[in-house]
**Q** 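So that we are looking at the same thing, I have put the structure below in C-alpha cells.
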Number of protein chains: 2
Amino acid sequence: MSTEAKVPLSSTPSEVAAPEGHANPEERILAVAYELFSRRGVRDVGVNELIERSGVAKATFYRHFPSKDSLVLAFLEQRDKLWTVEAIVTQARRRGKTPVERLLAIFDVLGEWFQREDFEGSTFIHVLLEMGPSHPLGQASIDYLAKLRGHVQTMAEEAGLVSPDEFARSWQILMKGSMISATGGDLQAARRAQRMAGWLIEHHTASPEVRGADSNAGVAASDK
Amino acid sequence: MSTEAKVPLSSTPSEVAAPEGHANPEERILAVAYELFSRRGVRDVGVNELIERSGVAKATFYRHFPSKDSLVLAFLEQRDKLWTVEAIVTQARRRGKTPVERLLAIFDVLGEWFQREDFEGSTFIHVLLEMGPSHPLGQASIDYLAKLRGHVQTMAEEAGLVSPDEFARSWQILMKGSMISATGGDLQAARRAQRMAGWLIEHHTASPEVRGADSNAGVAASDK
DNA sequence: CCGGGGAGACAGACCGGTCTTCCTCCCTGT
DNA sequence: ACAGGGAGGAAGACCGGTCTGTCTCCCCGG
C-alpha cells in the first residue's frame with residue numbers, strides 16, 4: 001500500500017470522500033467527517049449521514065468515537081494539522097525569502113484559498129460561533145486559534161519585530177476579519193488585509209534611529 | 001384596527017413571566033426573540049422556547065409570524081435598527097468632533113461593548129456562519145453587513161477620504177476581526193483594531209502637501 | 001471460539017408547523 | 001340596552017421528521 005499523503009486541502013478528485021484508500025473504519029469516518037464538517041459545519045452534519053457516507057455500521061462508529069463531540073475534537077485536531085500548519089504556515093514559510101515576506105505571504109495563501117469555489121470559511125471560527133465560547137468544542141477552537149497565533153508570533157520574532165505578542169494579536173484580527181469578509185463575498189479581502197498587514201509590520205519594525213515617536217510615522221518606508 | 005391606546009385593565013389574567021411593558025403578543029415575541037437570538041444564535045432557540053418565554057399560544061405565534069424564518073428576519077431588522085444604527089453609528093457620531101474622530105470612535109463603542117459581560121458576539125456574523133451565505137437568512141445578514149459598511153463609507157466621504165469604498169471594506173475587516181477576537185476572549189481587540197484603523201485613515205487621507213501620488217500599498221510582496 | 005464489523009431497529013428527545021378547543025373581549029344590529 | 005357574533009388569544013394535542021445514542025442480530029476471518 002502506498003503510504004498516501006493525507007489529503008492536504010482537496011485531493012479527492014470529485015465528490016465527497018469515498019471509502020477508497022482507507023482500510024480501517026476509523027480513518028474512513030475521519031476522512032468523511034473532515035470533508036463534511038469543513039464544508040458545512042459540525043452542527044449541520046449528523047451522525048447518520050457520517051455513517052452512511054463512510055459505509056460503516058453505527059455500532060462501529062460509536063466503538064471508535066464514544067460521542068459525536070469526540071469525533072469533532074478529532075476533526076479539529078486534524079484541521080489544525082492539515083490546514084493551519086501544512087496549508088497555511090508551511091506554505092507561507094516556503095514562499096517568502098525574508099521573514100517579513102514570509103509573514104505577508106500568509107495573505108497570499110489566504111487569498112488563493114478565498115478564490116477557490118469550494119472555499120468553506122474558517123473551521124475554527126465557524127465552530128466557535130456555532131457552539132459558543134463556553135462549550136468544550138468552542139474552547140477547543142479558541143485553543144487552536146491561539147496555536148495559530150503562536151505560529152504568527154514565532155514568525156514575528158524571526159523577523160525581529162517588537163512586541164511580538166501584540167503584533168500577533170493584531171495580525172490575527174486581520175486574518176479573522178478577512179476570512180469573514182471572504183465568506184460574505186469579498187474576494188479581495190485578503191489583498192486588503194495584506195495592505196494593512198504591511199503597515200502593521202512597519203510599526204513593529206525596530207528602526208535603528210528615528211521612529212521613536214509613537215503614533216504613525218511616514219508610510220512610504222522602503223523595506224521590502 | 002387602528003385603535004391602540006387601550007389599557008387592558010383587568011384583562012390578560014395570565015401575566016406570569018412575560019416581559020413587562022409589551023401588551024400585544026407580537027411585541028412580546030419580538031422582544032423575547034431579540035434577547036434569545038442575540039445571546040445564543042438563531043439555531044439554538046426553538047419556537048417552543050420562544051412561545052413559552054413570551055407567554056403566547058403557538059397559534060398566536062404563527063398568526064403573527066408565518067414561519068420561524070420570518071421572525072428571524074424581523075429580528076435581524078430590529079438588530080440593524082437598535083444595534084448597528086442606534087448603538088454604533090449614532091453613538092460614534094455623537095462622540096467625535098471631527099469626521100475622523102467620529103470614525104475612530106466606532107472602536108471606542110465596540111470596545112465598551114466587548115467589555116460587557118453580556119457581550120454576545122456579532123449577530124450578523126453569527127447568523128451568516130450558522131446558515132451559510134446561500135441561505136436567505138445568511139443573505140440577509142450579508143445585506144445588513146453591507147448596510148453597515150455603507151454607514152462607514154458615508155462617514156469616510158464626510159471626512160474627505162479617498163477611495164471611500166476601498167476604505168470602508170478594509171475598515172470592516174477590522175471591525176469583523178475585532179469582534180471575532182473579542183468572542184474568543186481578547187478584550188483588547190477593539191484597541192488593537194483602532195490602532196490599525198488609524199493607519200488606514202492616514203493612507204486614505206488626501207494630503208494637499210506631500211503624500212499625493214498614487215500611494216500604492218508599496219509594501220507587499222505580492223500583487224498577483 | 002471469539003471479536004470486529006455491517007445492517008438496522010429502536011428509544012427518547014426535540015424540531016418546525018398544524019389544528020382543535022375553549023374563553024374573553026369588543027363591535028354591532030335591533 | 002342588550003343579545004349575538006366575530007376575532008384574537010391561550011393551552012396544548014398532534015404530525016412527520018431529525019437528532020444522538022443504544023442494542024440486537026448475523027456474518028466472517030483468524
Side-chain angles (χ1 to χ4, degrees), chain A residues 18-33 36-37 40-75 127 130-132 135-137, chain B residues 1-33 36-37 40-75 127 130-132 135-138:
Chain A
E20 317 285 333
H22 298 292
N24 51 329
E26 187 166 336
E27 281 182 19
R28 285 209 312 264
I29 295 168
L30 196 50
V32 169
L36 297 185
F37 284 161
R40 289 161 38 197
V42 297
R43 274 198 144 175
D44 213 53
V45 182
V47 176
N48 290 318
E49 185 176 359
L50 290 165
I51 283 164
E52 194 181 339
R53 298 179 87 141
S54 53
V56 119
K58 208 160 193 179
T60 305
F61 176 95
Y62 278 101
R63 187 177 302 125
H64 291 283
F65 301 98
S67 68
K68 183 190 174 183
D69 280 9
S70 76
L71 172 63
V72 176
L73 235 34
F75 156 67
V127 174
E130 263 184 323
M131 313 305 294
H135 189 284
L137 295 179
Chain B
M1 284 273 199
S2 58
T3 58
E4 213 169 52
K6 50 187 118 162
V7 178
L9 295 174
S10 61
S11 63
T12 57
S14 61
E15 203 148 339
V16 271
E20 57 285 348
H22 298 293
N24 53 329
E26 187 165 337
E27 282 181 20
R28 285 209 311 265
I29 295 169
L30 197 49
V32 170
L36 297 186
F37 284 160
R40 288 161 40 196
V42 297
R43 275 198 144 177
D44 214 50
V45 182
V47 286
N48 290 316
E49 184 176 358
L50 290 165
I51 284 163
E52 193 182 342
R53 307 203 34 174
S54 53
V56 115
K58 208 160 190 179
T60 305
F61 177 95
Y62 278 102
R63 188 177 302 123
H64 291 283
F65 302 97
S67 67
K68 182 190 174 183
D69 280 9
S70 77
L71 172 63
V72 176
L73 236 33
F75 156 68
V127 174
E130 263 185 321
M131 314 304 296
H135 189 285
L137 295 179

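Chain letters run A, B, ... following the sequence lines, proteins first, then strands; residues in each count from 1.
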**Q** Nearest heavy-atom pair of Val32(B) and Ser54(B): which atoms, and what distance?
**A** CG2-CB, 3.6 Å
**Q** For Glu130(A), enumerate each residue passing the side-chain hydrogen bond (donor to acceptor under 3.5 Å, both in side chains) test, keeping only those at least two apart in sequence or located in another chain.
**A** none
**Q** Using whole Å, report how far CG of Asn48(A) lies from P of dT20(D).
**A** 7 Å
**Q** Could you pull out all residues at least two apart from Leu30(A) that satisfy side chain to side chain contact (heavy atoms under 4.5 Å, CB included)?
**A** Leu71(A), Ala74(A), Gln78(A)
**Q** Could you check Val45(A) against Ala59(A) and say which one's nearest nucleotide on DNA chain D is further toward the 5' end?
**A** Val45(A)
**Q** Between dT18(C), dA10(D), dT20(D), which nucleotide has the shortest distance from any of its atoms to the side chain of Val56(B)?
**A** dA10(D)
**Q** Below the 4.0 Å mark, does dG9(D) have OP1 or OP2 next to a side-chain nitrogen or oxygen of Arg63(B)?
**A** yes
**Q** Arg28(A) side chain: which of dG17(C), dT20(D), dG6(C) is closest?
**A** dG6(C)
**Q** May I have the distance from Ile51(B) (atom CD1) to dT18(C) (atom C1'), rounded to whole angstrom?
**A** 12 Å
**Q** Could you tell me how far apart Glu49(B) (CD) and dG16(C) (C1') are, to the nearest whole angstrom?
**A** 14 Å
**Q** So if I take residues 64-74 of chain B and measure heavy-atom distances to DNA chain C, which residues fall below 4.0 Å?
**A** Ser67(B), Lys68(B)
**Q** Go through dG21(D), dG5(C), dG9(D) for me and flag the one nearest to the Thr60(A) side chain.
**A** dG5(C)
**Q** For Lys58(A), check side-chain hydrogen bond (donor to acceptor under 3.5 Å, both in side chains) against everything at least two apart and list the hits.
**A** Asn48(A)
**Q** Once salt bridge (Lys or Arg N to Asp or Glu O under 4.0 Å) is applied, what residue pairs with a partner in residues 41-51 of chain B remain, sequence neighbours excluded?
**A** Arg43(A)-Asp44(B), Asp44(A)-Arg43(B), Arg40(B)-Asp44(B), Arg40(B)-Glu49(B), Glu49(B)-Arg53(B)
**Q** Which of these nucleotides, dA9(C), dG12(D), dG6(C), is closest to any side-chain atom of Lys58(B)?
**A** dG12(D)
**Q** Mind checking side chain to side chain contact (heavy atoms under 4.5 Å, CB included) for Asp69(A) and listing every partner two or more places apart, or none if nothing turns up?
**A** Ser67(A), His135(A), Leu137(A)
